[in-house]
Amino acid sequence: MSILTRTPAHTPARSRRRTRVALVTTGCLVAAVLAGLIGILVGSSSLTAPDLVRTLLGGGTPGQELVVFELRMPRVLGGLLVGAALGLAGALTQTFARNPLATPDILGVTSGAALGAVLAIVVGGGSYAVGAGLLSLGLPAMAALGALATAAVVYGLSWRGGVDSYRLILIGIGATATLTGITSYLIARAQITDAQAASQWLVGSLSGMSWASVWPVLLTLAVVLPIALLQSSALAIGQLGDDLSTGLGVAVQRHKVIVIACAVLLTAAAVSASGPIEFVAFVAPQIVRRLARTGRPPLVASALMGAVIVAGGDAFARGVLPPGVPVGIVTAVIGAPYLIWLLTRRTERDTVS
Amino acid sequence: MTPALEVRDLTLAYDRTPIFDKLDLRIDEGGITTLIGANGSGKSTLLKAFGRLLVPTSGTVLLEGSPLRGLSARSVAKRLAILPQKPITPSATTVRELVSRGRHPHQSLFRPWTPGDSAIVDAALAATGITDLAERDAGALSGGQLQRAWIALVLAQEAPIILLDEPTTFLDLSHQLDVLRLVRSINRERGATVVMVLHDLSLAGRYSDRLVVVGGGRVIADGTPWEVLTPEILRDAFDLEATVIPDPASGTPLIVPAVDIVL
Amino acid sequence: MIALVGLVAVMTALSLLLGSNLISPYAVVGALVDPANDPGAVVWGSRVPRTVLGLLVGLCLGVAGAVMQGQTRNPLADPGIFGVSAGASLAVVIGVYVVGTSSVLATLWLALAGAIVASIVVFGVAALGRGLSSPVPLAIAGTAVSALLVALTSYLVLSDETTLAAYRIWVVGSLSGRTLDGVGIAALFALAGLVFAVANVRSLNSLALGTELARGLGENLLRARILGLAAITLLTASAVAITGPIGFIGLTAPHIARRLVRGDHSWLVPASGLIGACVLLACDVIGRVIGGTAEVPVGVVLTVLGGVVFIGIVRRGRIAAL
């Protein structure tokens, strides 16, 4: 976060806040690494910590190598990256719209991805299970296509000599309703096996993760994260309203396009890899904001928190829960009570905005 | 001399409702110009066009001779600061952090925050008399204090031209005077060109070098306070029956509304 | 307002006259006058109940939406945000999963219970935090609780094919196959909700000026809040119980109403209810007609068309901000 907070360093409140942000960010980073390591260790075929170290250093049996490098690593890495993408996207949209309920889903991205994926399953899939055969290639592509197309249409429809974030959200809600209606109709009319596959996908799961699905997310994050961080100071100014932002030299429309594009790309990449693990984008920034006690969610910490939630949730599901519980359910079951607890516990004036 | 701000042939509209039609106006460097007019006369709209918050339907706005449209957002912000009527107070932000955001146009990836910036923020806090409040949460300030914080933000921007949209709204008389004295000292001591919108005509007369009366999509009158604040113009622009007498304290025009005639 | 009432009457007539069974208008009127004259009991067995229920549900959702947006002063607030739909879904799914029941009547009871329990939990959470005076914690609490309930629902649905089979039909929201039997209790809840909503109208007008000014105007904020929330819960819960979750009306009807009758809630709330009823019936009729024999459920028509119309409205003019 340091490049974003080059700010007058010498005031107590300011530096206390910076220390908190740094602390929270570091804590999230440590937790993410831990979640990753635990995620590699747990699972149906047992692997001990020494086994893992040996395998990572190149001394494992072929069986262990298969488990670690081909099965667990992509899944764990995928979980971390998907979580980070969702957390960052959520932080961007919540800050940009000055509204904690403005998650990327509200821009129509997720519903577009869902329609794309469900179309792929119901129309193209026959009776394949998710992740099988043609679907493993076609499904993410369809989801990404759906997400990007929807975002473009929503943005285009919102344009009237500039994009107003309020109008953008309203149009996003309209688009989401339309697309969700079509999606649930498809599911209601589909073969029951297809309906099952579609429902499975809609919850969000890491079970289909392979290296092929990890790379696009990694690439997207690598490109988008620096761009998003460069927008950080404009996001801070943006909290003062569009008029004053313009007065302070922010090219408001360009800034909005960049921020929305970042959020859309991140969400599209994440959702096409794992299905919509929707709750993460909402909860990760909110948790981090409360922990760091800042006015808006810190970007990097939000991304890391998202990674912790998804990878940790997946590890928990595989290690503790009966088999077959997708991560999307775990993240909600863990994340929601935590947010509720935070809500009931903290009562100071600035807890919500 | 090139005027600080100039509009030529300006037509302004909100969603196709025309506000101004083919307006020409020059603001010279150095003075305090106040736009006055009845409610809904478009004075704030005109100020927004000067501050490029509103894109004109046609015509041009020139900032120190160059068209606003061709300039980058940042370079405009270094020369022109605008304080809108209702800025949003962010949560969990101290006054100093708020004022620091005024330095935004001067910063970039390659020009990070320097002690010089801190000094400018300190000076802005001192000039507006809120140094003691610097570590307070902006949300906890009173109306007068918050208005000073916003003006401090604009000062920290260090632009030679400052636009203020009704800076005295919601303040009591003594705080209104406070803010206007502050504005005058900014003008006199820093040489800043100030353009503002005010409601109170007598205060506008007392603290401005030039008044521009707008209404009905045009400039009704333009000149020094004594030239503009005449009973005829007041009747024309504000539908107000009043006499104008010299203010016993400052010698500037004082508006005395006529007594209601009770039949 | 009179035009709206007229529109509702037209929609009612259309809803009675049109359907996948082609019956001449003359025969329909005949059947209405004399139930013994009803060909295949289509009119009294199917069209009348679904028309009545459609009116009721649409009215409930429209009113609930207007009260909701007035209470939260947030034009994005949808009654579903209180966990009502999610709670009803979970209860329905539990019913199918545990007891194996999916009859219309049992579903209705389960949905009603689930909806009410869920919204009480949401209010409880919000009340433990910053109290009910500010709408934002309420919205976050609602979103969080909903997410939790949806997750549990998904888990049950994914682990049992029968449950999924029943759930996926219920969740799109439909009037088809609904009869008036047993609806009485839901209608009673709806009626109570409507009464509360009417009692809340004046408070909504003062709340629109901000909580501080409202208090200054002598408003008892806590009472106004509780009354409003009770109205929203009862109305939405009974609507969800009858048709399954149909969310979009609660969000859009107040927006349309605000354009027609401006911001006074004593007009806005009833107008929003009438618009809700119109829209729901219209969508049900469209679903019946375009689907042929396999009619499209009203929930699908509503979200698809509603979304498109909503976008059109947003694009055409500034939606009046609250």
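Lettering follows sequence order; numbering is per chain, from 1.
For residues 152-165 of chain B, heavy-atom neighbours of chain A at less than 4.5 Å comprise L153(B), Q157(B), sorted by residue number. Using non-hydrogen atoms only and a strict 4.5 Å limit, the part of residues 61-81 of chain B facing chain A consists of A73(B), R74(B), A77(B), L80(B).
Residue pairs meeting the salt bridge (charged side-chain N to carboxylate O under 4.0 Å, His left out) criterion with at least one partner in residues 27-55 of chain B, sequence neighbours excluded, are R26(B)-D28(B). The salt bridge (charged side-chain N to carboxylate O under 4.0 Å, His left out) analysis of residues 242-260 of chain A, with sequence neighbours excluded, yields the pairs D242(A)-K256(A).
Of all heavy-atom pairs spanning L248(A) and P105(B), the tightest one is O-CD, 3.3 Å.
The candidate with the highest count of non-hydrogen atom pairs below 4.5 Å against chain B, out of G249(A), A236(A), A234(A), is G249(A). Contact count versus chain B (heavy atoms, under 4.5 Å) is highest, among L244(A), V252(A), V250(A), for L244(A).
With rounding to the nearest 0.5 Å, the separation of CZ in R101(B) from OG in S245(A) is 9.5 Å.
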